[in-house]
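First up is the structure itself, then whatever we jot down about it.
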Number of protein chains: 2
Amino acid sequence: MARSVEFNEEAAIQKAMEVFREKGYNGASLRDLTEAMQINSSSLYNTIGDKQELFIRAAKHYIDMRKRELDERAAADKPALEILKQYIADSVTNIVSETHGCMAVKMAFEMATSDKRVINVLKKDSQNQYEFVRKHIALAMEQGQLDNEESPELLADYFISTWTGWNESYILHKDVDKIERMARYFIRQLSK
Amino acid sequence: MARSVEFNEEAAIQKAMEVFREKGYNGASLRDLTEAMQINSSSLYNTIGDKQELFIRAAKHYIDMRKRELDERAAADKPALEILKQYIADSVTNIVSETHGCMAVKMAFEMATSDKRVINVLKKDSQNQYEFVRKHIALAMEQGQLDNEESPELLADYFISTWTGWNESYILHKDVDKIERMARYFIRQLSK
DNA sequence: CCAATTTTAAAACAAACGTTTCAGAATAAC
DNA sequence: GTTATTCTGAAACGTTTGTTTTAAAATTGG
């Protein structure tokens with residue numbers, strides 16, 4: 001038998017994800033990546049594969065994190081509308097704290113226009129978010145906390161597409177108030 | 001005196017813009033660009049400058065186009081609400097026809113997180129869109145076609161941030177109906 | 001402790017990158 | 001038509017890119 005892998009693969013992928021998020025796929029060089037991951041390129045190619053494969057792994061790692069967050073939210077013992085409002089509030093917090101924008105969105109615009117595998121990873125994430133929101137909107141309607149004039153399906157689609165624009169706005173204007181005003185308006189409209 | 005520049009600079013920049021839109025900044029090589037522009041790199045460096053400069057010029061060209069479109073819309077002899085609805089309808093058409101997503105959005109997520117000059121170009125564009133929308137919302141309110149419960153400023157911010165998310169949705173799902181449903185919902189909400 | 005096997009670090013790889021050079025073609029003013 | 005100047009095309013520049021090779025260090029089971 002022989003020695004086993006020395007580095008922590010998940011920690012390395014986490015580091016790679018951060019580099020990709022900061023610089024994008026094309027902007028991140030193998031040297032940037034291996035330096036952050038603290039491994040040699042030979043180890044990378046032995047255990048994970050090439051740059052594309054590493055990116056896919058980083059992307060999957062990212063959406064797995066997001067899925068786990070959703071599951072935790074869903075497990076909370078609160079009215080559905082409260083869970084949704086918390087989800088919105090946390091989305092705002094994410095937007096105004098991440099210096100480089102949401103990674104899923106960055107990936108969508110840099111990579112998903114050309115790479116089928118990236119599209120599929122992001123579609124999975126989009127479905128996760130959609131299903132979470134749709135379910136809680138339906139629940140809130142059943143609980144009489146939300147008007148059921150519109151379908152939960154439409155509202156869920158509309159819901160999850162909304163953050164993306166706020167993200168862009170914050171990248172350009174760095175105006176926290178602006179984002180919070182839009183969020184309050186969004187919630188106001190929802191309850192109408 | 002000596003000979004004058006042979007190639008059409010604006011046409012060349014237009015071509016460069018298309019390449020940048022398709023491949024992004026880092027994804028577009030100088031060879032891609034000069035081939036599309038049909039000029040030699042020496043001519044490029046003589047007349048325009050390096051890759052960064054070319055990108056800024058392409059970005060400015062793009063937002064100039066968009067500004068001209070807004071001015072044409074504003075000149076139309078129609079009620080303000082009609083102009084806004086047309087603006088929304090055309091945004092939807094743009095989203096579902098552009099294969100590579102809106103260039104302003106792509107730039108925002110790939111470049112604006114790190115490049116100040118790009119931020120400034122995009123802020124200008126954002127202000128143009130904002131001012132157009134704000135003005136017509138205010139007009140529509142004066143004309144009694146729109147509820148004036150919310151401020152035109154807030155609504156305008158919300159307005160222009162909305163398309164971005166629809167763009168991402170379309171990149172992932174390629175679902176025209178989904179976008180159109182969201183657009184109809186958006187208009188419904190606006191008139192409430 | 002040995003033998004088998006795998007991981008690692010460092011160097012090397014060709015290809016592609018953005019940019020510059022340079023000689024010759026082209027043009028405008030006289 | 002000559003001259004002065006500038007533009008153009010092709011080749012070359014040194015770096016950096018993603019990836020592979022190589023040989024030594026490391027670890028495990030017997």
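For the numbers below, each heavy atom of this structure counts, side chains included, while hydrogens, waters and symmetry mates do not. Each chain gets a letter, A, B and so on, in the order its sequence line appears, and its residues count up from 1.
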### Task
Send over the distance from B:Lys23 NZ to C:dA16 P, rounded to a whole Å.
13 Å
### Query
If you check the B:Ser41 side chain, which of C:dT20, C:dT8, D:dT19 turns out closest?
C:dT20
## Note on the structure
Only one of A:Arg66, A:Lys60, A:Lys67 passes side chain to side chain donor-acceptor pair (under 3.5 Å) with A:Asp125, and that residue is A:Arg66
## Note on the structure
Here the distance between atom C1' of C:dA26 and atom CZ of B:Phe7, to the nearest Å, is 16 Å
#### Entry: Between D:dA24 (P) and A:Asn40 (CG): distance, integer Å
16 Å
### Rounded distance (Å) that lies between atom P of D:dT8 and atom CD of B:Gln38
13 Å
### Query
A:Lys51: what forms a salt bridge (Lys or Arg N to Asp or Glu O under 4.0 Å) with it, not counting sequence neighbours?
none
### Task
Respond yes when some side-chain nitrogen or oxygen of A:Ser43 is under 4.0 Å from OP1 or OP2 of C:dT8, and no when none is.
yes
### Query
Atom CD of B:Glu53 and atom C1' of C:dT20: how far apart are they, to the nearest Å?
18 Å
#### Entry: Nearest-Å distance for atom pair CD1/P, residues A:Ile48 and C:dT8
11 Å
Pairs under 3.5 angstrom, nitrogen or oxygen only, protein versus nucleotides 16-18 of chain D, please.
from: D:dG18; atom 1: OP1; to: A:Ala28; atom 2: O; distance (Å): 3.4
from: D:dG18; atom 1: OP1; to: A:Lys51; atom 2: NZ; distance (Å): 2.7
from: D:dG18; atom 1: OP2; to: A:Leu30; atom 2: N; distance (Å): 2.6
from: D:dG18; atom 1: N7; to: A:Arg31; atom 2: NH1; distance (Å): 2.9
from: D:dG18; atom 1: O6; to: A:Arg31; atom 2: NH2; distance (Å): 3.1

### Atom-to-atom span, CG of B:Asn46 to P of C:dC22 - whole angstrom
14 Å
### Query
Using atom P of each nucleotide, how far apart are C:dA14 and C:dA10 to the nearest Å?
22 Å
### Message
Please check: side-chain N/O of A:Tyr158 versus main-chain N/O of B:Met182, any donor-acceptor pairing under 3.5 Å?
### Response
no
### Query
Are side-chain heavy atoms of B:Tyr87 and B:Gln129 found at a separation under 4.5 Å?
yes
### Query
Taking atom C1' of C:dC17 as reference, at what distance in whole Å does atom CG of B:Leu44 sit?
14 Å
#### Entry: Ring-face cation of B:Lys178 near A:Tyr130 (centre distance under 6.0 Å, axis angle within 45°)
yes
### Task
Write out all pairs satisfying ring-ring contact (aromatic ring centres under 6.0 Å, His included) with one or both partners inside residues 108-128 of chain B, taking only residues at least two apart or from two chains.
A:Phe109-B:Phe109
### Task
Side-chain contact test, heavy atoms from C-beta onward, threshold under 4.5 Å: evaluate it for A:Thr162 versus B:Thr162 and give yes or no.
no
